[in-house]
Amino acid sequence: MPPTHLTPTHLTPAEPDAVGPAAAPVEAVAPLMRGITVLLRLTEAGGTSSLSALEKATGLARSTVDRIAATLARMGYVRLDGRDAVLTPRLMELGNAYLAALRLPRLLDGRADALADELDESVSLAVGDRDGIRFIHQATRRRAMSLSFRIGDLLPAERTAPGPLFATGWTDEDWTRWRERRAADPEDRGFPAVPPREHPAGDEEFEERTREAAARGWALDDQLIEPGLVALSVPVRDRGGRIACVVSVVSHTSRHTADSLRDTLLPRLRATVRAMERDLRDAPAQQPAARAGLAAWTGASKQELGREFVESLARGLTVITAFGEGRAELTLTEVAQATGLARATARRALITLEHLGQVTAHGRTFTLTPRVLALGFPPLSRTTLPQIAAPHLAELADRLHDSASLAVLAGDEIQYTARVATSRIMSVNITVGTRFPAYATSLGRVMLAGLAAAERGPFLTGLHALTPHTVTDPGALAATLDRVREAGYALVDGELEEGLRSIAVPVRDRTGLVVAAVNVAMHSSRRTVEQCVGEVLPELAATAGRIEGDLRVAGRFARVPVA
């Protein structure tokens, strides 16, 4: 028997379109509800909050907050930093499950990015989320005045260009819910991604914009979000003629008025939309990837942490990750098989997630909703590689009692982008932003070794000795880089500075491309070369692996700047 479901699905009171609290189904899992509430409050706080602040924000007992935080930390979704809870990139796997199941970002983001490059304006993709819109892709321009919206941000429909387009398909029930939300929150204070309204407009204005959007097939936002921001939107329709998403070009009044944005860019935007609709029509069916036993580890975690581990919370969140590419719609049996949960356990989790608005039921199948993106995705979607690496470097430096660093290539030099130094009388004095010649450093050599042989040429010229030990012969350096590539690490002893010994490994992105490197540096009196390889290298490689794991999750649908 399929799980019962509520109509309409109720959202947590913190969600802006929830008009009032509704009773939870009898079979709802209370710890899962509490855990999601904590994640929502952490998201609203920008990804970091003290445990005491979470206690106040959620209304939960401190002991409950502590247990939830410990469970989320065990899952890798939260990092406990002193008295603070900090969201980690691993949490993005929940939003990734929704985006992968949706398919739209993967199918359409290339055309959105190309349009942004062509127009030199920001371009976004958004989907409807009840009476709001939620971003699923952003291609922004780097300017002093640039778009600050993030993937997963929720905006009120009436203050956007996509909103009236989605509203053309609303039912009477949808319009009633929208009016109730507007009456309960006229200043939009429940939408943290937008500034509060100073002069709330009447309902008639949005209703008229919706009628115009239905007649024209496009819509404008003329400074509805904030002064100076203008946007033009056109819907992308699926094979059945339904709006799959909306593409928006966003600019500033210093570059365009709303009218000039329409007059100048509408033809090009429509051409891109036509190409996107062809992509949707021609997209081959997805083959579901194998997923099995995702929740098998929860029992072991419960045994290890005892009552501090809330197993029902972990299992409930694991249900979200059962969805993904080729798994947009799952039956109860398929969810149970993918997670390794008993049917009864999976059923209660699905009932709870539907009650909270994360899942919706369609007969015997279930799908994720855009609301899954509210679980940490907005603040985490702007995470940089140095931010990802920092806690891992801190753990490495603490274990080894030596300095650990992350660097990227900057021309023919390396540039330090993250660093954790140790407190020693004699230590390596390097700060973030410091640059050194790439050829004479362990960090530089693992990154140069990651290049194809034909790309290394410019890095093998103009070499000069920094110490008597520096390799300056191009042929010798090329041979060294080949050995580094084969070994997977580089060890440099006294070539940058007398007495300085360092060992480094590469950091690779989702495609296997070397995008950075991490190292441990020390005075040569600290460890022998053999000790560096035998003791430091395994720890260093494990740290790089953890950084790469976070980078793979964070970079699946969001860009992760390396510096």
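- Listed for the R501 side chain is no donor-acceptor partner under 3.5 Å among the backbone atoms of D493.
- No side-chain heavy atom of V505 sits under 4.5 Å from any side-chain heavy atom of T543.
- At least one donor-acceptor pair closer than 3.5 Å links the side chain of T43 to the backbone N or O of G376.
- Looking only at distances, a side-chain donor or acceptor of D185 sits under 3.5 Å from a matching main-chain atom of G190.
- The CG atom of L380 sits 12.0 Å away from atom OH of Y77, with the distance rounded to the nearest 0.5 Å.
- For the pair T48 and L87, the minimum side-chain heavy-atom distance is 4.5 Å or more.
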(request) Show your working on side chain to side chain contact (heavy atoms under 4.5 Å, CB included) between Y416 and L443 and close with a plain yes or no. (result) CA-CA 9 Å; Y416 287 81; L443 290 161; 3.6 Å; yes
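- Side chain of E548 to main chain of R508: a donor-acceptor pair is present (N/O by atom type, distance under 3.5 Å, no hydrogens or angles).
- Judged purely by atom type and a 3.5 angstrom limit, T369 uses its side chain to pair as donor or acceptor with the backbone of G357.
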(request) Report the C-alpha separation of R177 and D131 in whole Å, then their side-chain angles, then the decisive distance to 0.1 Å, and conclude whether the salt bridge (Lys or Arg N to Asp or Glu O under 4.0 Å) test is met. (result) CA-CA 8 Å; R177 182 171 52 244; D131 61 352; 5.3 Å; no
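- Side chains of R527 and L400 form a contact here, defined as non-hydrogen atoms less than 4.5 Å apart.
- Crowding of F557 atom CZ: a count of heavy atoms from other residues, nucleotides or ligands under 6.0 Å exceeding 12.
- In this structure, CD1 on I430 lies 14.5 Å from CZ on R435, to the nearest 0.5 angstrom.
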